[in-house]
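Since the structure comes first, as structure tokens, the remarks are kept for the end.
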Amino acid sequence: EPEVTQTPSHQVTQMGQEVILRCVPISNHLYFYWYRQILGQKVEFLVSFYNNEISEKSEIFDDQFSVERPDGSNFTLKIRSTKLEDSAMYFCASSEATRDRVFFGPGTRLTVL
Amino acid sequence: EDQVTQSPEALRLQEGESSSLNCSYTVSGLRGLFWYRQDPGKGPEFLFTLYSAGEEKEKERLKATLTKKESFLHITAPKPEDSATYLCAVPNQAGTALIFGKGTTLSVSS
């Protein structure tokens with residue numbers, strides 16, 4: 001069964017550095033998302049992306065964050081200048097046009113030192 | 001104000017001891033209620049989407065039901081491998097994002 005994949009599985013970075021988290025959504029899906037989960041907390045929405053543009057973003061998704069779909073398969077999340085509080089699991093997700101099932105990837109654990 | 005509330009926060013069961021998890025929501029014009037399973041350090045795994053009161057869906061030992069204000073995830077004769085955190089989520093008004101509850105952590109011992 002098709003799956004959402006994410007790389008890397010774990011990223012360690014220094015505060016102030018830029019990181020790019022990568023995702024390959026399920027191939028026939030049209031909606032793409034990033035969520036994050038700080039350890040011990042609930043899953044939080046960051047941004048949704050449809051038709052090559054952001055369709056919604058949360059308060060968390062400030063100017064330090066950006067998303068891109070550079071080609072027909074990849075979907076990336078960039079954090080320009082990481083902060084300690086950006087340490088979390090970042091999940092990519094995708095859904096079909098009907099959006100009646102949203103599938104999540106395995107996550108990237110980001111650790112900011 | 002939380003729009004999705006799950007209870008209990010944690011539940012310990014003996015193998016074979018059936019129980020139910022609760023998810024209550026306050027969003028108006030429900031566009032679906034999603035259940036996920038999450039294992040430690042992993043991404044949420046899709047289980048069910050329910051759309052209307054009275055709807056039921058089943059998968060192995062799990063059955064999800066929906067009323068106008070809440071959903072239940074019934075676990076029948078659970079096994080240790082059912083141990084996980086079960087998450088409930090509803091779409092926002094625009095349908096562009098899922099709002100998650102904090103989850104119920106289920107532990108099943110043999």
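Heavy-atom basis, side chains included; hydrogens, waters and symmetry copies ignored. Letters A, B, ... mirror the listed sequences (proteins, then strands); counts begin at 1.
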Search all heavy atoms of [X] against all heavy atoms of [Y] and return the closest pair with its distance.
X	Y	answer
A:Val43	B:Phe100	O-CB, 3.6 Å
B:Thr96	A:Phe45	O-CE1, 3.9 Å
B:Ala94	A:Glu56	CB-OE1, 3.9 Å

Side-chain polar contacts of residues 9-19 of chain A - donor-acceptor pairs under 3.5 angstrom, sequence neighbours left out - could you list them?
unit_1	atom_1	unit_2	atom_2	d
A:His10	NE2	A:Thr111	OG1	3.1

Got a sec: does the [atom1] of [X] have more than 12 other heavy atoms crowding it under 6.0 Å?
X	atom1	result
A:Asn28	CG	yes
A:Glu85	CD	yes
A:Arg69	CZ	yes
A:Leu39	CG	no
B:Glu15	CD	yes

Applying side-chain hydrogen bond (donor to acceptor under 3.5 Å, both in side chains), name anything that partners A:Ser55, two or more places apart in sequence or on another chain.
-> A:Ser48

Joint hydrophobic cluster, A:Phe103 plus A:Tyr31, side-chain heavy atoms closer than 4.5 Å | yes

When clusters are formed by joining ILVMFWY residues with side-chain heavy atoms under 4.5 Å apart, either directly or through shared neighbours, do A:Val67 and A:Val4 land in the same one?
-> no

If you count heavy-atom pairs under 4.5 Å between each of A:Gly40, A:Pro106, A:Ala93 and chain B, which one has the most?
-> A:Pro106

Relative to chain B, which of A:Gln37, A:Gln6, A:Glu44, A:Arg109 shows the most heavy atom pairs under 4.5 Å?
-> A:Gln37

Counting N and O atoms only, with roles assigned by atom type, does the side chain of B:Tyr36 sit under 3.5 Å from a partner on the main chain of A:Phe104, one being a donor and the other an acceptor?
-> no

Roughly how far, to the nearest 0.5 Å, is OH of A:Tyr35 from CG of B:Leu98?
-> 4.0 Å

How many angstroms lie between NZ in A:Lys42 and OG1 in B:Thr85, if you round to the nearest 0.5 Å?
-> 14.5 Å

Side chains of residues 74-82 of chain B: which donor-acceptor pairs under 3.5 Å do they make with residues two or more places apart or in other chains?
unit_1	atom_1	unit_2	atom_2	d
B:His74	ND1	B:Ser20	OG	2.7
B:His74	NE2	B:Thr65	OG1	3.3
B:Asp82	OD1	B:Arg61	NH2	2.9
B:Asp82	OD2	B:Arg61	NE	2.8
B:Asp82	OD2	B:Arg61	NH2	3.4
B:Asp82	OD2	B:Lys79	N	2.8

Residues of residues 37-49 of chain B within contact distance of chain A, non-hydrogen under 4.5 Å | B:Gln38, B:Gly41, B:Lys42, B:Gly43, B:Pro44, B:Phe46, B:Thr49

Sort B:Leu87 into side chain, backbone, both or neither according to what part of it lies under 4.5 angstrom from a heavy atom of chain A.
-> side chain

